[in-house]
Student: 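Can you keep this structure in mind? I'll have questions shortly.
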Amino acid sequence: MNMKRNQADSIPDVYCMSTQQSPTFSTRLIEWQHVHGRHGLPWHSSNPYHVWLSEIMLQQTQVNTVIPYYQAFLAKFPTILTLAEAGSDEVMAAWSGLGYYTRARNLHRAAQLIVAQHQGQFPDDVEQVMALPGIGRSTAAAICAFAFGQCRPILDGNVKRVLARWAGITGFPGDKKVEAAMWVLAEQLVPQADIETYTQAQMDLGSLVCTRSKPRCDVCPVAADCVARQTGRTTSLPTPKPRKAIPTRATTMLLIWRGDKLLLQKRPDRGIWGGLWCLPEVDTSLDAEAWCARHGMALESTTCLPAFEHVFTHFRLTISPVACEVSGPGLTPDEQWQWFDHKSALAAGIPQPLRRLLTNRQAVLL
DNA sequence: AACACGGGGGT
DNA sequence: ACCCCAGTGTT
C-alpha cells in the first residue's frame with residue numbers, strides 16, 4: 001500500500017477484513033438491509049433512466065420529498081428522449097418545488113447529450129456516465145451499481161459519516177486527503193455480489209441509524225467493531241468542518257485596586273458586553289501609569305498577570321491583565337464608574353472573562 | 001443561527 | 001490542484 005503515513009495511521013486495520021472470522025462489513029450491511037432497510041422504492045429497477053433521475057433528485061433531498069416528484073416527472077417525461085426533446089420551461093416546471101434547480105438544468109442537458117452522443121441509450125461505461133453534467137464519481141457509481149450491477153463504491157455524505165465512525169477516520173471529510181483515504185476504504189469494502197443491496201444499505205444505514213446526531217448504535221449491524229463506538233468518539237466523528245480562521249485582537253485590562261476595592265466601568269448598552277461592568281482597557285501595560293494619572297490616581301505598583309484568550313463568534317480576544325495598586329483621591333463613583341469589593345464584583349453583571357479573572361487567585365492581590 | 005450536502009466553477 | 005459556492009433542510 002503506497003499511502004502516505006498520516007493517512008494510513010488514521011485508518012485502523014480494516015485491510016484484514018477478508019480473512020477475519022466474523023461476517024464482513026458488507027455481509028452485515030446486506031443482511032441488515034434485507035430486514036431493516038428501505039424496500040419498494042419506486043426507482044428500484046434496472047432502468048438506468050429511472051435510477052439516474054432518482055439519484056439526481058436524491059442529492060440534497062430526502063426520500064419522502066422525492067417520491068411524488070419522481071413519479072410526476074416520469075409521467076411527464078417517460079423516456080430520455082422525451083426529456084431531451086422537452087423545452088426548458090416544461091422541465092423546470094416539473095422540478096418546481098424540489099429546489100437546487102441546477103440539477104434540473106444539468107439533467108436536461110445530459111438527456112440531450114445522451115441522445116446526441118449515445119443514441120439515446122444511457123451509457124454503461126462509468127467514465128462516460130461521469131462525463132455527463134451533474135454526475136460526479138459517487139453518483140456515477142450509484143447509477144452503475146443499481147442499473148448495471150457494477151461493483152463500485154459510493155461515497156456520499158452518509159457513507160462518509162459511516163466510514164469515519166466505523167474505521168475511526170479523523171480529519172474533515174471535505175479535505176481531499178481524507179476523502180481520498182475514504183475512497184480507498186470504500187473500495188476495499190465493496191462486496192463481489194449483491195451490490196444493489198449493499199449500496200442501498202449504505203444509504204439507509206447512514207440516514208436511518210448512523211445519523212449525524214444521536215446515532216442508534218444499539219441497532220447498528222457494525223457496532224461491534226466500530227472504532228468510534230469503541231473509543232467513545234461517535235459524537236466527534238466525522239471531524240467537523242474547520243471553522244474559518246477568525247481574527248485575533250489584543251487588549252490590556254487594568255485591575256485598579258484601591259485598598260480592597262476594584263474599579264469597574266459600565267459599558268454602553270450597545271455593542272460588545274453592552275451594559276456590563278468591565279475593567280478599563282488600554283493598549284499596552286506601559287499605558288497603566290498614564291491612565292492612573294489621567295484619572296487622578298497615583299500608581300504604587302503593577303503586576304502583569306498571565307494573558308488569556310476569550311473567543312467570540314467573530315473574533316478572538318487576547319486579554320493581558322495588569323493588576324495595579326493605586327492611591328490618591330480616586331475616581332468619584334457615578335453612572336459609569338464604580339468601586340466594587342471582590343464579592344460584589346462577582347455578584348454584578350460582568351462578562352465571562354472578567355469572572356474567570358476574578359476567580360483566579362493571582363488577580364486578587366492583597 | 002449554524003451546519004451539512006454533491007457537484008460545478010473559479011483562481 | 002485547491003478553495004469556495006449555491007440553495008435548502010436539519011439540528
Side-chain angles (χ1 to χ4, degrees), chain A residues 3-4 6-7 43 51-70 91-114 123 126-146 152-165 169-183 185-187 199-200 202-216 228 234-246 311-316:
Chain A
M3 286 172 66
K4 292 211 176 80
N6 59 356
Q7 286 175 29
W43 46 83
V51 172
W52 168 40
L53 177 63
S54 72
E55 287 303 322
I56 300 304
M57 285 187 165
L58 287 166
Q59 289 171 358
Q60 291 122 330
T61 309
Q62 296 201 326
V63 168
N64 290 333
T65 308
V66 162
I67 289 174
Y69 283 90
Y70 170 84
V91 177
M92 299 315 283
W95 204 269
S96 177
L98 261 187
Y100 300 99
Y101 296 92
T102 309
R103 294 183 296 174
R105 282 187 287 275
N106 283 334
L107 191 76
H108 193 201
R109 269 208 299 146
Q112 293 168 340
L113 283 171
I114 292 168
V126 74
E127 296 297 328
Q128 293 178 348
V129 174
M130 231 190 300
L132 296 167
I135 302 180
R137 181 172 173 185
S138 185
T139 303
I143 294 170
C144 288
F146 286 127
R152 304 184 183 284
I154 60 166
L155 191 64
D156 65 7
N158 281 332
V159 178
K160 285 176 178 173
R161 190 170 53 251
V162 171
L163 294 186
R165 286 177 176 159
I169 299 174
T170 57
F172 174 54
D175 180 275
K176 269 184 64 176
K177 299 246 168 159
V178 177
E179 189 181 40
M182 287 184 169
W183 274 115
L185 176 56
E187 292 268 12
T199 304
Q200 188 65 44
Q202 287 181 96
M203 297 172 171
D204 291 357
L205 189 71
S207 62
L208 301 175
V209 173
C210 195
T211 48
R212 180 147 69 101
S213 57
K214 298 185 186 170
R216 297 176 201 126
T234 47
T235 56
S236 62
L237 289 173
T239 306
K241 183 188 179 78
R243 306 284 282 130
K244 74 170 109 164
I246 52 177
V311 181
F312 293 92
T313 10
H314 42 298
F315 68 96
R316 183 185 307 268

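Source: prediction; values computed, not measured. Order of the sequence lines sets the chain letters (A, B, ...), proteins ahead of strands, with each chain counted from 1.
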Student: Give a yes or no on whether the backbone of A/Met57 and the side-chain of A/Arg103 come within a donor-acceptor separation of less than 3.5 Å.
Tutor: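 Side chain of A/Arg103 to backbone of A/Met57, a donor-acceptor pair under 3.5 Å: yes, one is there.
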Student: What's A/Gln60 touching, base or sugar-phosphate or nothing? Going by heavy atoms closer than 4.0 Å.
Tutor: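 Result for A/Gln60 = base.
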Student: If C/dG9 has a Watson-Crick or G-U wobble mate with both distances under 3.5 Å, name it; if not, just say none.
Tutor: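 Matched C/dG9 with B/dC3 under the 3.5 Å cut-off.
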Student: Taking the side chain as C-beta and beyond, is there a heavy-atom pair between A/Asn106 and A/Ile135 under 4.5 Å?
Tutor: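 They are not in side-chain contact.
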Student: B/dC3 phosphate, OP1 or OP2: any side-chain N/O from A/Lys241 under 4.0 angstrom?
Tutor: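 So the side chain of A/Lys241 is outside the cut-off, no N or O lying under 4.0 Å from OP1 or OP2 of B/dC3.
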Student: So, OP1 or OP2 of C/dA6: does either fall under 4.0 Å of a side-chain N or O from A/Arg103?
Tutor: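 Looking at the OP1 and OP2 atoms of C/dA6, neither is under 4.0 Å from any side-chain N or O of A/Arg103.
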Student: Nearest heavy-atom pair of A/Tyr101 and A/Trp95: which atoms, and what distance?
Tutor: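 In this case the closest contact between A/Tyr101 and A/Trp95 is CD2-CD1, 3.6 Å.
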Student: Could you tell me the separation between the CE atom of A/Met57 and the C1' atom of B/dG7, rounded to a whole number of Å?
Tutor: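 Those two atoms, CE and C1', are 17 Å apart.
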Student: A side-chain contact here means heavy atoms from C-beta on lying under 4.5 Å apart; do A/Leu107 and A/Val91 qualify?
Tutor: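 Not in contact.
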Student: Measuring only the P atom in each nucleotide, how far is C/dA1 from B/dG6? A whole number of Å is fine.
Tutor: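 C/dA1 and B/dG6 have their P atoms separated by 22 Å.
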Student: OP1 or OP2 of C/dT10 versus the side-chain N and O atoms of A/Gln62: is any pair under 4.0 Å?
Tutor: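 A/Gln62 to C/dT10 OP1/OP2: side-chain N or O found under 4.0 Å.
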Student: Please classify the nucleic acid contact of A/Arg105 as base, sugar-phosphate, or nothing, using heavy-atom distances under 4.0 Å.
Tutor: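 Here A/Arg105 touches no strand at all.
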